[in-house]
Structures are given as C-alpha cells and as structure tokens.
Asks: 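Mind having a look at this structure? Questions to follow.
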Amino acid sequence: MKNQSVSSNIDWITVLIYIALVAIGWINIYSADMTTNSEYYLDFNQNYGKQLIFIAFTVILVIVILTIDSKFYEKFTSVIFGASLLLLAGLFIFGKTIAGQRCWYAIGGFTLQPSEFAKAATALALAKYLSDSQVNLKNLKHQILALLIMGLPILLILPQPDPGSALIFVMFILVLNREGLPSWYLWTGFIAVVLFVMTLVIKPEYVILIAFIGIALHYLKSRRVDRNILASLILLVLVSGFVFSVDYVFENVFKQHHRDRFNILLGKDVDMNGIGYNTNQSEIAIGSGGWVGKGFLEGTQTKGNFVPEQHTDYIFTTVGEEWGFAGSAVLVLLFVGLILRVLYLAENQKTKFSRVYGYGVASVLFTHFFVNISMVIGIFPTIGVPLPFMSYGGSSLWGFTILLFIFIKMDANKVNEW
C-alpha cells in the first residue's frame with residue numbers, strides 16, 4: 001500500500017486555531033505597544049514590529065517541522081533532550097541576567113530562553129520512555145525513572161530562579177497519570193498544596209486538627225477489612241511534620257518577592273503601590289472593559305502604561321480592557337478548543353509514542369493558559385508564565401510552535417502507521 005500524503009492529512013482545525021491565537025496575540029501586542037508618539041505604524045524597533053519578525057521566522061519553522069519525517073523526533077529524542085539539558089546548564093556560565101533571573105542567552109540584540117524549548121524536548125523524552133513496551137508505571141523503578149526525566153529540567157531551572165517555568169514541568173505529572181502512574185501521587189501533591197496554603201492562613205494547630213478529623217473520618221468510613229490504625233497514625237505524623245515545616249520553608253526557602261506575592265494574594269498584606277501593583281492594575285484594566293470593551297486602541301489603562309509587562313505576561317489585560325467580557329470569552333474558548341482538540345487527536349493516535357507526546361502538549365498548553373489567566377485576574381501569585389502564542393517574545397512563540405507542530409506532524413503521519 002502506497003503511503004498517503006502527510007500534508008493532505010494535517011489537522012486544519014488545530015492549525016486554524018493556532019493562526020487565530022497568533023493573530024489575536026499580535027493585534028493586542030500592537031495595541032499595548034502603540035502610542036500616539038510613534039512615528040510609524042510599522043516600526044521594527046517597537047515590540048509589535050519585532051513580534052512580526054518572530055512570526056515570519058515562525059512560518060519558516062513550521063515548514064521545516066512539517067517537512068521532517070515524524071520518525072526523526074522519536075529516533076533522536078535522546079539527542080534533543082540531552083541538548084536541551086546542556087542549554088539549560090550552560091545558563092549558569094553563559095546566561096544573561098535580567099530582572100534577577102539568569103534565564104536567557106544574549107544573541108546580538110535578541111535573547112533566547114532555552115526553557116521554552118525544553119518543554120517540547122521533555123515531552124518527547126517522556127513519550128519515548130513511556131512508549132517502551134517494558135515500562136509499567138505501576139513499577140516503582142519505572143516511576144522513579146519517569147519522574148527523573150520530568151525532574152532534571154526542574155533541577156536546572158529552579159536555581160535560575162524561574163519558578164514559573166519549573167511549575168510547567170511539574171505538570172507533566174498529568175501525562176504520567178494518564179499512562180498509569182498511581183493516582184495517589186496527584187492526590188498527595190494536591191493535598192500538600194492545600195495544607196501549605198491553609199498553614200499560611202491559619203495556625204498550624206488548627207490545620208493539624210482539620211487533618212486529624214479528615215483522616216479519622218476516612219478511617220471510620222473505610223470498608224477495607226485490613227484497615228490499619230497504625231498507618232493512619234503514621235500519616236497524621238507525616239502531615240503534622242509537613243505543616244510545622246511550612247513556616248520555615250516560607251521564610252527561608254522562598255525569596256522575599258515570592259513571600260510578598262503570596263501574602264498579598266492571601267489578603268495578609270495590602271501593597272497596591274508595591275509588589276501588588278501589577279495584579280491590582282491588571283484587575284482594574286480587565287474590569288474596566290465591561291461586556292464589550294472600550295474598543296481597539298481605546299484602552300485607557302493600556303495607553304496609560306498602568307500595567308507593567310502588558311505586552312508579555314499581562315497581555316490578557318489588553319484583551320479584557322479593549323474587547324471586554326465577550327472578547328475574553330472568545331479567547332478562552334479558543335484555548336479550550338485547542339486543548340480539547342489536541343487531547344482528542346492524542347487519543348486517536350496509532351502509536352503510544354504519539355499519544356503520550358500529545359498529552360504532553362496538552363499538559364503544557366493547559367498549565368500555561370490556566371496559570372497565566374489566573375495570575376492576571378488575581379487568583380494565583382505572579383510567577384512569570386506567558387500566555388501561549390500571544391505573549392510577546394520569540395522564544396515563547398517558537399517554543400510553543402515547535403511543541404504543537406511536532407504533534408501536528410505526528411498526527412498527519414498516523415495514516416501511514418500500522
């Protein structure tokens with residue numbers, strides 16, 4: 001049987017959503033950056049002009065990705081992942097420090113952030129490992145190796161320090177869970193986060209009391225014949241130790257600006273002119289948009305430069321102010337549609353490698369989308385996570401494009417898989 005043309009099997013729904021997001025992103029970067037003092041409507045010295053250059057290179061990038069045989073990505077996964085780790089490690093020697101973070105390589109007048117490309121590399125590495133027929137995530141050894149693949153980039157990114165990017169790699173746990181990792185890993189992480197936040201809000205003794213009641217109720221309601229009171233007591237001791245360590249970790253491991261952001265988020269501090277300025281201004285900008293927005297280039301908060309970094313991590317505030325609730329809802333629906341489409345395609349792959357990679361793509365996109373929007377509207381601490389395809393920056397745009405279009409190529413090639 002003759003191989004079918006891959007180009008004729010590209011999922012155009014995914015591609016069209018991608019194009020829509022990139023276009024909406026550029027329009028809002030233009031609005032956030034355009035001023036009445038600008039001499040030209042198309043100035044390549046401005047951020048919107050530079051973003052056009054990035055988009056032009058992205059077109060070339062897409063063509064190259066779709067031209068390469070999809071088997072290339074699986075065959076050379078180890079090389080790609082190893083190179084991404086070397087680039088992350090090289091930052092400690094050759095990296096450029098911006099705003100206290102050593103996350104970029106300076107190349108001429110541009111900067112390159114390797115963590116953006118490491119996301120696709122890590123997704124490929126996990127897909128390669130988990131597609132091995134001998135790997136079973138019920139096995140502790142295999143669990144450790146999978147978590148190690150996920151954890152290596154985190155170990156290199158956290159010291160930069162870049163907690164936002166590190167969080168993205170943590171969320172690859174969703175991919176592992178889909179492939180059979182015991183669910184208690186997810187529950188343990190979720191409960192740890194809840195306990196951590198609760199301890200910052202109320203006294204540790206009260207948190208332990210709540211935990212005791214929860215463990216006791218679970219023990220009493222358990223229908224297992226072999227329920228063990230000793231195991232429940234050990235669990236309570238572990239929870240108590242964790243709760244009492246929260247204060248030390250918060251005061252000695254977290255940096256001051258991280259503590260400030262948590263305190264403001266939790267309502268313990270009010271600093272609208274200092275560390276809480278960004279979030280406060282972004283909420284004002286979004287709220288002022290109303291139902292239909294003020295109109296393109298008519299955002300007073302945007303034009304007044306009240307929201308710092310509005311063309312990057314806070315690009316959603318421009319959408320909220322100028323396009324209102326209606327425009328914001330359309331954007332959210334586009335992202336939800338893209339993520340659901342990737343999940344649908346992933347489930348219909350013929351190889352485990354492609355399926356796992358597809359889930360990796362969906363995991364990265366969902367985490368970025370959820371955290372960024374939550375951060376901008378003030379329900380998540382500011383940690384510097386860009387909005388996929390929309391925030392200004394070549395590294396971000398190219399990283400997400402590589403991540404998505406490798407999967408689009410895999411999906412297009414599934415007609416030739418047996």
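Because the structure is a prediction, the values reported are computed rather than measured.
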Asks: Any donor-acceptor pair under 3.5 Å linking the side chain of Ser391 with the backbone of Pro386?
Replies: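 Judged by distance alone, no pair lies under 3.5 Å.
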
Asks: Quick one: does Tyr206's side chain get under 4.5 Å of Met198's, heavy atoms only?
Replies: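 A side-chain contact is absent here, since even the closest heavy-atom pair is not under 4.5 Å.
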
Asks: Would you sort out whether Leu21 and Leu331 count as a side chain to side chain contact (heavy atoms under 4.5 Å, CB included), showing the intermediate values?
Replies: CA-CA 8 Å; Leu21 289 172; Leu331 183 62; 3.6 Å; yes

Asks: Checking side-chain polar atoms at under 3.5 Å, does Ser31 have a donor or acceptor matched by the opposite partner on Tyr48?
Replies: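 The criterion, which ignores hydrogens and geometry beyond distance, is not satisfied for Tyr48 and Ser31.
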
Asks: I need the Met150 CE to Leu126 CG distance, nearest 0.5 Å.
Replies: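 Spacing of CE (Met150) from CG (Leu126) equals 8.0 Å.
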
Asks: Evaluate whether atom CZ of Phe72 has more than 12 neighbouring non-hydrogen atoms of other residues, nucleotides or ligands under 6.0 angstrom away.
Replies: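 Check passes, neighbour count above 12.
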
Asks: Can you establish whether the number of heavy atoms outside Phe92 located under 6.0 Å from its atom CZ is more than 12?
Replies: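 Atom CZ in Phe92 is crowded, with more than 12 foreign heavy atoms closer than 6.0 Å.
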
Asks: Quick one: does Thr317's side chain have a donor or acceptor within less than 3.5 Å of a partner on Tyr314's backbone?
Replies: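 Pair found, side chain donor or acceptor close to backbone of Tyr314.
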
Asks: Side-chain contact, heavy-atom cut-off 4.5 Å: Phe335 with Pro388?
Replies: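 Side chain of Phe335 against side chain of Pro388, heavy atoms only: contact under 4.5 Å found.
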
Asks: Run the side chain to side chain contact (heavy atoms under 4.5 Å, CB included) test on Tyr18 and Leu338 for me, step by step, so that the C-alpha distance in whole Å, both residues' side-chain angles and the decisive distance to 0.1 Å come before the verdict.
Replies: CA-CA 8 Å; Tyr18 164 82; Leu338 177 61; 5.6 Å; no

Asks: Can you see whether Ser288 engages Lys294 through a side-chain donor-acceptor pair at a distance of less than 3.5 angstrom?
Replies: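 Looking only at side-chain atoms, Lys294 and Ser288 do form a donor-acceptor pair, the distance falling under 3.5 Å.
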
Asks: Taking atom CZ of Phe169 and atom OG of Ser115, what is their separation to the nearest 0.5 Å?
Replies: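 That separation rounds to 6.5 Å.
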
Asks: Is the backbone N or O of Tyr359 less than 3.5 Å from a side-chain atom of Ser363, with the two atoms forming a donor-acceptor pair by type?
Replies: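 Answer holds: no.
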
Asks: Going by the rule side chain to side chain contact (heavy atoms under 4.5 Å, CB included), which residues pair with Ser374 if we only count those two or more places apart in sequence or in a different chain?
Replies: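 Side chain to side chain contact (heavy atoms under 4.5 Å, CB included) list for Ser374, sorted by chain: Phe370, Ile379, Phe380.
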
Asks: Of the non-hydrogen atoms in Ile80 and Ala121, which two are nearest, and what is the gap between them?
Replies: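 The answer is CG2-CB, 3.9 Å.
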
Asks: Using modelled atom types and a 3.5 Å cut-off, is there a donor and acceptor pairing between side-chain atoms of Glu321 and backbone atoms of Gly293?
Replies: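 Looks like no, no N/O pair under 3.5 Å.
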
Asks: If you look at every heavy atom in Ala120 and Leu403, which pair is closest and at what distance?
Replies: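 Result for this residue pair: CA-CD1, 3.6 Å.
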
Asks: Please step through side chain to side chain contact (heavy atoms under 4.5 Å, CB included) for the pair Leu397 and Phe57, ending with a clear verdict.
Replies: CA-CA 10 Å; Leu397 179 60; Phe57 277 102; over 6 Å; no

Asks: Heavy-atom count around Phe325 CZ within 6.0 Å, excluding the residue itself: above 12?
Replies: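 Count not over threshold, so no.
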
Asks: Who are the side chain to side chain contact (heavy atoms under 4.5 Å, CB included) partners of Leu86, not counting sequence neighbours?
Replies: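 Applying side chain to side chain contact (heavy atoms under 4.5 Å, CB included) to Leu86 gives none.
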
Asks: What's the spacing between Lys119 NZ and Leu365 CG if we round to 0.5 Å?
Replies: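 Lys119 NZ to Leu365 CG: 10.0 Å, rounded to 0.5 Å.
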
Asks: Applying side chain to side chain contact (heavy atoms under 4.5 Å, CB included) to Ile173 and Leu176, what does each step give before you reach the verdict?
Replies: CA-CA 5 Å; Ile173 194 76; Leu176 301 184; 4.3 Å; yes

Asks: Looking at every heavy atom in both Leu91 and Gln160, which two are closest together, and how far apart are they?
Replies: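 For Leu91 and Gln160, the tightest heavy-atom pair comes out as CD1-NE2, 3.2 Å.
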
Asks: Do the rings of Tyr30 and Phe296 sit parallel, tilted or perpendicular, given the 30° and 60° boundaries?
Replies: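 Aromatic pair Tyr30/Phe296 classed parallel.
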
Asks: Between Ser328 and Trp323, does the side chain to side chain donor-acceptor pair (under 3.5 Å) criterion hold? Intermediate values first, please.
Replies: CA-CA 7 Å; Ser328 300; Trp323 305 98; over 6 Å; no

Asks: Which residues satisfy the salt bridge (Lys or Arg N to Asp or Glu O under 4.0 Å) test with Glu347, sequence neighbours excluded?
Replies: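 Result, salt bridge (Lys or Arg N to Asp or Glu O under 4.0 Å) vs Glu347: Arg178.
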
Asks: Determine the minimum heavy-atom distance between Ala32 and Thr318, stating which atoms define it.
Replies: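 Smallest heavy-atom distance, with atoms named: CB-OG1, 3.8 Å.
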
Asks: Measure the shortest side-chain to side-chain distance between Phe242 and Leu195 over non-hydrogen atoms and say whether it is less than 4.5 angstrom.
Replies: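 Heavy-atom side-chain distance check passes, below 4.5 Å.
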
Asks: I'd like to know if the side chain of Asp33 reaches the main chain of Asn47, judged simply by a donor and an acceptor atom lying under 3.5 Å from each other, with no hydrogens or angles considered.
Replies: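 Side chain of Asp33 to backbone of Asn47, a donor-acceptor pair under 3.5 Å: yes, one is there.
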
Asks: Going by heavy atoms in the side chains, are Val22 and Thr58 under 4.5 Å from each other?
Replies: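 The answer is no, as the side chains (C-beta and beyond) never meet within the 4.5 Å cut-off.
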
Asks: Nearest heavy-atom pair of Ala211 and Val239: which atoms, and what distance?
Replies: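 Looks like CB-CG1, 3.7 Å.
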
Asks: With a 4.5 Å cut-off on side-chain heavy atoms, are Phe316 and Ile286 touching?
Replies: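 Answer yes - side chains close enough.
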
Asks: Say you draw a straight line from CG of Asn348 to CG of Asp411; how long is it, rounded to the nearest 0.5 Å?
Replies: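 Going from CG on Asn348 over to CG on Asp411, the span is 8.5 Å.
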
Asks: So, taking the atom named OG1 in Thr14 and the one named CZ in Phe407, what distance separates them when rounded to the nearest 0.5 Å?
Replies: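 It comes to 7.5 Å.
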
Asks: Is any side-chain heavy atom of Leu147 closer than 4.5 Å to one of Ile144?
Replies: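 When only atoms from C-beta onward are counted, Leu147 and Ile144 do not touch, as no gap falls below 4.5 Å.
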
Asks: Keeping Ser84 on the side-chain end and Phe81 on the backbone end, is there a donor-acceptor pair under 3.5 Å?
Replies: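 Yes, Ser84 side chain to Phe81 backbone: donor-acceptor pair under 3.5 Å.
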
Asks: Using side chain to side chain contact (heavy atoms under 4.5 Å, CB included) as the criterion, list what pairs up with Ile65, not counting sequence neighbours.
Replies: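 For Ile65, the residues satisfying side chain to side chain contact (heavy atoms under 4.5 Å, CB included) (neighbours in sequence not counted) are Leu61, Tyr73, Ile402, Phe405, Ile406.
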
Asks: When you look at CZ of Phe244, are more than 12 heavy atoms from neighbouring residues, nucleotides or ligands closer to it than 6.0 Å?
Replies: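 Correct, the count exceeds 12.
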
Asks: For Ile157, is there any backbone N or O sitting under 3.5 Å from a side-chain donor or acceptor partner on Asp162?
Replies: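 Checking the backbone N and O of Ile157 against the side chain of Asp162, no donor-acceptor pair under 3.5 Å is found.
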
Asks: Evaluate the side chain to side chain donor-acceptor pair (under 3.5 Å) criterion for residues Gln143 and Tyr185: first the C-alpha distance (whole Å), next the side-chain angles of each, then the deciding distance (0.1 Å), finally the verdict.
Replies: CA-CA 10 Å; Gln143 292 173 15; Tyr185 278 93; 2.4 Å; yes

Asks: What's the separation between atom CG in Leu88 and atom OG1 in Thr122, rounded to the nearest 0.5 Å?
Replies: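 That separation rounds to 8.0 Å.
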
Asks: If you define the side chain from C-beta out and look only at heavy atoms, does anything of Thr351 sit under 4.5 Å from Glu74?
Replies: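 No; the side chains remain at least 4.5 Å from each other.
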
Asks: Please collect all salt bridge (Lys or Arg N to Asp or Glu O under 4.0 Å) contacts where either partner lies in residues 330-341, sequence neighbours excluded, each pair once.
Replies: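 The answer is Asp11-Arg341.
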
Asks: I need the minimum non-hydrogen distance between Thr77 and Lys128, along with the two atoms involved.
Replies: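 Shortest heavy-atom contact: CG2-CB, 3.8 Å.
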
Asks: Which residues satisfy the side chain to side chain contact (heavy atoms under 4.5 Å, CB included) test with Glu179, sequence neighbours excluded?
Replies: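 Counting only residues at least two positions away or on another chain, Glu179 forms a side chain to side chain contact (heavy atoms under 4.5 Å, CB included) with Leu130, Leu137, Lys352, Arg355, Val356.
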
Asks: Can you find a pair of side-chain heavy atoms, one from Val332 and one from Phe369, that are under 4.5 Å apart?
Replies: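 They are in contact (side-chain heavy atoms under 4.5 Å apart), so the answer is yes.
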
Asks: Evaluate the ring planes of Phe54 and Tyr392, with Trp represented by its six-membered ring, and classify them as parallel (under 30°), tilted (30 to 60°) or perpendicular (over 60°).
Replies: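 Rings of Phe54 and Tyr392: tilted, 30 to 60°.
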
